[in-house]
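The structure presented is a predicted model; accordingly, all values stated were derived computationally and were not measured.
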Amino acid sequence: MKLSVIMPVYNREAYVGAALRSLLRQRDGADLDIIVIDDGSIDGSVEVVRSMMSEASCIRLFQQANMGVTKARNAGLRQLLPETGFVSFLDSDDISPAGRFKDDLALFETDPGLDLAYSLMTLADHLDDETLEPAADSHCVTVRGVHLSAGIFTRRLVDRIGDFDTDFSQAEDTDYLLRTFESGPNYVMPDTVGLYYRRHAGNMTKAPDIPRREFMRALHKSMKRRRADPSLCAIDKIFEVKDLADWRFM
């Protein structure tokens, strides 16, 4: 069954090639469909993607004027194929660990009623773009964090959750995950590392004030939803971090 991976890109010429290679090396473990949404990049990101498309027909590139990551993710959802059975995400500056899809997709074969596999993520301040692994001298921490790329979602779950909330300029991914878990999916939390998250000076979460404000707003909206509808599920024991407000801003 086809796995579609949605990758928004905005001015990531330096990183998007490594991100795509980390997906392509997993073609033996998944029937991949890579949906790249270029959100109006003004650097060489598009040229890097196009250069890889010539050797990998599973990469599909779509371009739009710059509208922000939330609308770019929604544009990716619009491009899911009829045969897409699973959906995942990878940001264009991160790395998908080798074997990550093969390991977690096997869980869905064991349990056809499974909606979501939600893995661990490793945050690293230095990823080696040749080996596509954290560098030997990198500072790393592995957590059950809040990141879309840690998840493999069934198509039926994605269709049920709907779009990313365009009311968010950031933390749209947090809001999406909170809505997902609130909906009561049948999920597992394997010990697979599903993402190498690259810490660098250009991370959106390093911008002053906005990331924390948006993150807290996502948490607040979740709380309001659950108060208004007691049938929604609690999210208290999903994430292995003591303070959700701080981990994104390491």
Rounded to the nearest 0.5 Å, what separation is found between the [atom1] atom of [X] and the [atom2] atom of [Y]?
X      : Y      : atom1 : atom2 : answer
Met189 : Ser119 : CE    : OG    : 10.5 Å
Ile6   : Ile35  : CD1   : CD1   : 5.0 Å
Leu114 : Asn186 : CG    : CG    : 5.0 Å
Met1   : Glu83  : CE    : CD    : 11.0 Å

Could you pull out the closest heavy-atom pair between [X] and [Y], with the gap in Å?
X      : Y      : value
Ile161 : Tyr176 : CG2-CE1, 3.7 Å
Arg12  : Ser92  : CG-OG, 3.1 Å
Ser149 : Phe89  : OG-O, 2.8 Å
Leu105 : Ala30  : CD1-CB, 3.7 Å

Looking only at the side chains, is there a donor atom on one of Ser96 and Ser22 sitting less than 3.5 Å from an acceptor on the other?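 Note: Ser96 and Ser22 side chains miss the donor-acceptor criterion.
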Within a strict 4.5 Å, meaning less than it, do heavy atoms of the [X] and [Y] side chains meet?
X      : Y      : answer
Asp38  : Met7   : no
Tyr118 : Phe239 : yes
Met52  : Arg21  : yes
Ile152 : Phe101 : yes
Leu81  : Thr84  : yes
Val5   : Leu3   : yes
Asn66  : Ile42  : no
Leu195 : Val193 : no

Residues in side chain to side chain contact (heavy atoms under 4.5 Å, CB included) contact with [X], at least two apart in sequence or another chain:
X     : value
Asp43 : Asn11, Glu13, Ser41, Ser45
Ala72 : Pro8, Ile37, Asp39, Gln64
Met53 : Val49, Arg50, Ile59, Leu61
Ala98 : Arg25

Applying side chain to side chain donor-acceptor pair (under 3.5 Å), name anything that partners Ser183, two or more places apart in sequence or on another chain.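 Residues passing side chain to side chain donor-acceptor pair (under 3.5 Å) with Ser183: Arg160.
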Using the test side chain to side chain donor-acceptor pair (under 3.5 Å), find all partners of Ser88 that sit at least two apart in sequence or belong to another chain.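 Expected list: none.
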Could you pull out all donor-acceptor pairs under 3.5 Å where a side-chain atom in residues 73-80 meets a protein atom, sequence neighbours excluded?
unit_1, atom_1, unit_2, atom_2, d
Arg73, NE, Glu172, OE2, 2.8
Arg73, NH1, Asp91, OD1, 3.3
Arg73, NH2, Asp91, OD1, 3.4
Arg73, NH2, Glu172, OE2, 3.2
Asn74, OD1, Phe164, N, 2.7
Asn74, ND2, Phe164, O, 3.1
Arg78, NH1, Asp163, OD1, 3.0
Arg78, NH2, Asp163, OD1, 3.2
Arg78, NH2, Asp163, OD2, 2.4

Could you work out, with salt bridge (Lys or Arg N to Asp or Glu O under 4.0 Å) as the rule, every residue matching [X], not counting sequence neighbours?
X      : result
Asp167 : Arg217, Lys221
Asp191 : Arg144
Glu182 : Arg225

Hphob cluster co-occupancy, [X] + [Y], side-chain heavy atoms under 4.5 angstrom:
X      : Y      : result
Ile34  : Tyr10  : no
Val46  : Leu90  : yes
Val158 : Val146 : yes
Phe108 : Leu32  : yes
Leu157 : Ile238 : yes

Write out all pairs satisfying salt bridge (Lys or Arg N to Asp or Glu O under 4.0 Å) with one or both partners inside residues 109-123, taking only residues at least two apart or from two chains.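 For residues 109-123, and leaving out neighbouring residues, the salt bridge (Lys or Arg N to Asp or Glu O under 4.0 Å) pairs sorted by first residue read Asp115-Arg156.
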Output side-chain donor-acceptor pairs under 3.5 Å for residues 120-135, partner residues at least two apart or in another chain, one line each.
unit_1, atom_1, unit_2, atom_2, d
Thr122, OG1, Thr142, OG1, 2.7
Asp125, OD1, Ser138, OG, 3.0
Asp125, OD1, His139, N, 2.8
His126, ND1, Asp137, OD1, 3.1
Asp128, OD1, Glu130, N, 2.8
Asp128, OD1, Thr131, N, 3.2
Asp129, OD1, Arg198, NH1, 3.3
Asp129, OD1, Arg198, NH2, 2.8
Thr131, OG1, Glu133, N, 3.3
Glu133, OE1, Tyr196, OH, 2.7

Given Thr174 and His147, is the side-chain contact (heavy atoms from CB on, under 4.5 Å) satisfied, shown in steps? CA-CA 7 Å; Thr174 300; His147 204 289; over 6 Å; no
Give a yes or no on this: more than 12 heavy atoms of other residues, nucleotides or ligands lie within 6.0 Å of atom CE of Met223.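 Atom CE in Met223 is packed in, count exceeds 12.
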Looking at Glu47, I want to see if its CD is surrounded by more than 12 non-hydrogen atoms of other residues, nucleotides or ligands under 6.0 Å.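 Atom CD in Glu47 is crowded, with more than 12 foreign heavy atoms closer than 6.0 Å.
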Look at the side chain of [X] and the backbone N and O of [Y], then say whether any donor-acceptor pair between them is shorter than 3.5 Å.
X      : Y      : value
Asp104 : Ala117 : no
Arg155 : Val87  : no
Arg27  : Leu24  : yes
Gln26  : Arg100 : yes

Evaluate the salt bridge (charged side-chain N to carboxylate O under 4.0 Å, His left out) criterion for residues Asp33 and Lys2: first the C-alpha distance (whole Å), next the side-chain angles of each, then the deciding distance (0.1 Å), finally the verdict. CA-CA 7 Å; Asp33 166 45; Lys2 193 172 289 293; over 6 Å; no
Can the ring centres of Phe86 and Phe153 be said to be less than 6.0 Å apart?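 Not close enough - the centres of the two rings lie 6.0 Å or further apart.
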Step by step, would you call Asp165 with Thr70 a side-chain contact (heavy atoms from CB on, under 4.5 Å)? CA-CA 7 Å; Asp165 185 348; Thr70 307; 5.8 Å; no
Chi angles and distances behind the side-chain contact (heavy atoms from CB on, under 4.5 Å) call for Leu20, Val36: CA-CA 9 Å; Leu20 288 172; Val36 178; 4.1 Å; yes
CA sep, side-chain torsions, deciding dist, call: Leu177, Asp175, side-chain contact (heavy atoms from CB on, under 4.5 Å): CA-CA 6 Å; Leu177 284 170; Asp175 174 77; over 6 Å; no
